[in-house]
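Computed from a predicted structure; not experimentally measured. Atoms considered below: every heavy atom in the structure, side chains included; atoms not considered: hydrogens, waters and symmetry mates. Chain letters run A, B, ... following the sequence lines, proteins first and then strands; every chain starts at 1.
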There are 2 protein chains.
Amino acid sequence: MDSIQTRIERSNNMIKIPTIRRLPRYLRVLQSLSSSGREFVSSETLASLLNIKPIVVRKDLAFTGISGKPRVGYSITHLISLIEGTINFKGKNTAFLAGAGNLGSALLGYNGFARHGLDIIAAFDVDPQKTDTTIHGKSIYPLERMPEIASRLNPYIGILCVPEESAQQVADIMIASGIKGIWNFSNKELNVPPDVVLQNEDLGAGLAILSIAIEKSSRP
Amino acid sequence: MDSIQTRIERSNNMIKIPTIRRLPRYLRVLQSLSSSGREFVSSETLASLLNIKPIVVRKDLAFTGISGKPRVGYSITHLISLIEGTINFKGKNTAFLAGAGNLGSALLGYNGFARHGLDIIAAFDVDPQKTDTTIHGKSIYPLERMPEIASRLNPYIGILCVPEESAQQVADIMIASGIKGIWNFSNKELNVPPDVVLQNEDLGAGLAILSIAIEKSSRP
DNA sequence: TAGATTGTTAATCGATTAACAATC
DNA sequence: TAGATTGTTAATCGATTAACAATC
């Protein structure tokens with residue numbers, strides 16, 4: 001028999017992955033609406049901007065704790081603030097990045113992260129040619145200095161952009177450095193202890209979905 | 001009343017998004033097992049390598065049409081071939097890329113795409129400083145030449161890496177050029193006609209999931 | 001008040017998991 | 001044959017959608 005706590009948590013109120021995935025999208029259109037001077041927006045309008053259904057919007061937004069006004073909609077500035085709070089895009093999420101290759105360098109230069117509350121505070125590489133330089137204004141340190149520098153800066157997130165062959169090894173260094181979550185851009189299946197969160201970013205998955213969908217739409 | 005066809009399709013046999021997302025992961029561990037000389041693999045082994053359950057593996061692999069042998073498992077080379085066929089990672093998926101900034105350049109230099117059967121055959125940018133040069137060996141053309149070059153090369157996929165402000169406009173040029181699917185790395189919500197497939201790649205979504213999971217695991 | 005929009009409750013749909021028979 | 005592993009059928013779980021009452 002489940003505990004009351006378990007049953008309550010299962011029955012309602014825990015935010016769900018599909019909702020979390022949509023929240024940054026709401027955020028972007030809301031910021032755009034806000035900068036055009038609008039104050040309120042309906043679930044109908046948000047739905048049409050995201051090509052989803054209004055009922056999905058209302059269910060999703062309920063998780064942020066917002067209360068909409070019948071006949072008016074939701075306060076845009078309030079909603080922005082609540083979504084940012086819900087997905088931790090306020091404050092600063094500090095991160096280390098490992099692997100300053102093509103992709104790693106691109107992420108170091110990605111301006112969008114500021115808007116997502118992510119601050120890459122240091123980057124690491126094994127290549128002596130890259131270390132002790134900066135890329136897009138971020139300092140690159142030798143990989144072996146990660147634990148030492150982490151003990152001073154206390155990063156939350158480790159962004160892993162190294163080749164598959166060294167991915168597990170570098171992940172282990174990140175974990176030993178006290179990082180709480182790994183954002184894995186390598187295509188290696190990583191093993192991490194249960195208290196470390198792992199988020200895999202798999203371009204192959206997106207490409208496979210696209211490829212199958214194109215094939216299906218060409219031969220209906 | 002639904003047609004018989006509709007009911008058959010809904011009841012069984014259509015490959016599902018979660019399965020499609022996992023197929024590239026199977027592919028990678030299978031390729032690694034294959035290069036270590038193994039011939040057969042069980043659902044149990046694959047499951048433990050991907051940190052999922054064996055029943056999920058068996059259900060997923062059924063969609064590729066493979067037939068496993070009780071007490072032995074699945075033929076690794078056969079399975080690789082069937083997965084590649086299922087997600088179109090065999091042959092060549094030809095692509096145009098628009099926007100040779102940080103991210104676009106990184107994707108031009110990404111070696112993993114060859115393994116995914118994706119061939120970026122040309123790249124485009126509005127910046128005259130970038131056009132008529134090459135990045136990672138790929139030629140960069142002025143954006144306005146896309147329709148003309150497309151009429152010769154017939155690309156399937158358009159990889160969109162331009163800033164949000166110009167994303168819709170560039171997507172429209174891709175569509176006018178006859179592209180069948182858009183892989184959208186900009187954070188713009190695009191409008192595309194129903195016969196064009198849209199796959200959004202949203203880094204904000206991954207970051208939001210990671211961020212909420214870290215918060216939850218820190219305060220249990 | 002009338003009507004538009006939210007938010008809740010119930011129904012449907014789809015994916016995962018469990019149980020177990022089939023098979024080599 | 002015995003036992004391991006596949007693959008099928010049924011059950012459970014979770015997310016989306018529909019219907020509609022509440023509210024401003």
Nearest whole Å is fine: how far is [N] [atom2] from [X] [atom1]?
X        : N       : atom1 : atom2 : answer
Arg58(B) : dA4(D)  : CZ    : P     : 15 Å
Asp60(A) : dG14(D) : CG    : P     : 18 Å
Ile52(A) : dT16(D) : CD1   : P     : 10 Å
Met14(A) : dA15(D) : CE    : C1'   : 13 Å
Lys53(B) : dA15(C) : NZ    : C1'   : 13 Å
Ile20(B) : dA15(C) : CD1   : P     : 10 Å
Lys69(A) : dC24(D) : NZ    : P     : 10 Å
Lys16(B) : dG14(C) : NZ    : P     : 11 Å

Does Lys59(A) make a side-chain donor-acceptor contact with the base of dT17(D), cut-off 3.5 Å? yes
Phe96(A) vs Phe124(A) aromatic rings, parallel, tilted or perpendicular, using cut-offs 30° and 60°? tilted
Closest approach to the side chain of [X], judged atom by atom: which nucleotide of [options] is it?
X        : options                   : value
Pro70(A) : dG7(D), dT17(D), dT5(C)   : dT5(C)
Ile55(A) : dT17(C), dA18(D), dA19(C) : dA18(D)
Pro18(B) : dT16(C), dG7(D), dT17(D)  : dT16(C)

Who pairs with dT16(C) - Watson-Crick or G-U, where each distance is under 3.5 Å: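 Here dT16(C) is engaged in a pair, and the nucleotide opposite it is dA11(D).
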Does dA22(C) pair with anything, Watson-Crick or G-U wobble, both distances under 3.5 Å, and if so, with which nucleotide?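 Across all strands, the one nucleotide that pairs with dA22(C) is dT5(D).
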If we ignore angles and hydrogens, is there a donor and acceptor under 3.5 Å between the side chains of His116(A) and Asn93(A)? no
Classify the nucleic acid contact of Thr19(B) as base, sugar-phosphate or nothing, counting any heavy atom under 4.0 Å across all strands shown.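 Nothing, no nucleic acid heavy atom in range.
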Just to be sure I understand the rule, does Arg22(A) reach a base, reach only the sugar-phosphate, or reach nothing, if contact means heavy atoms closer than 4.0 Å? sugar-phosphate
With no hydrogens and no angle check, is any side-chain donor or acceptor of Ser218(A) less than 3.5 Å from a backbone partner on Ile214(A)? yes
Residue pair Leu46(B) / Ile52(B), side-chain heavy-atom distance below 4.5 Å: no
Taking only side-chain N and O atoms of Ser43(B), does any of them lie within less than 4.0 angstrom of OP1 or OP2 on dT6(D)? yes
Test side chain to side chain donor-acceptor pair (under 3.5 Å) on Asp60(A) and Thr19(A) and set out the steps. CA-CA 6 Å; Asp60(A) 284 345; Thr19(A) 296; 2.8 Å; yes
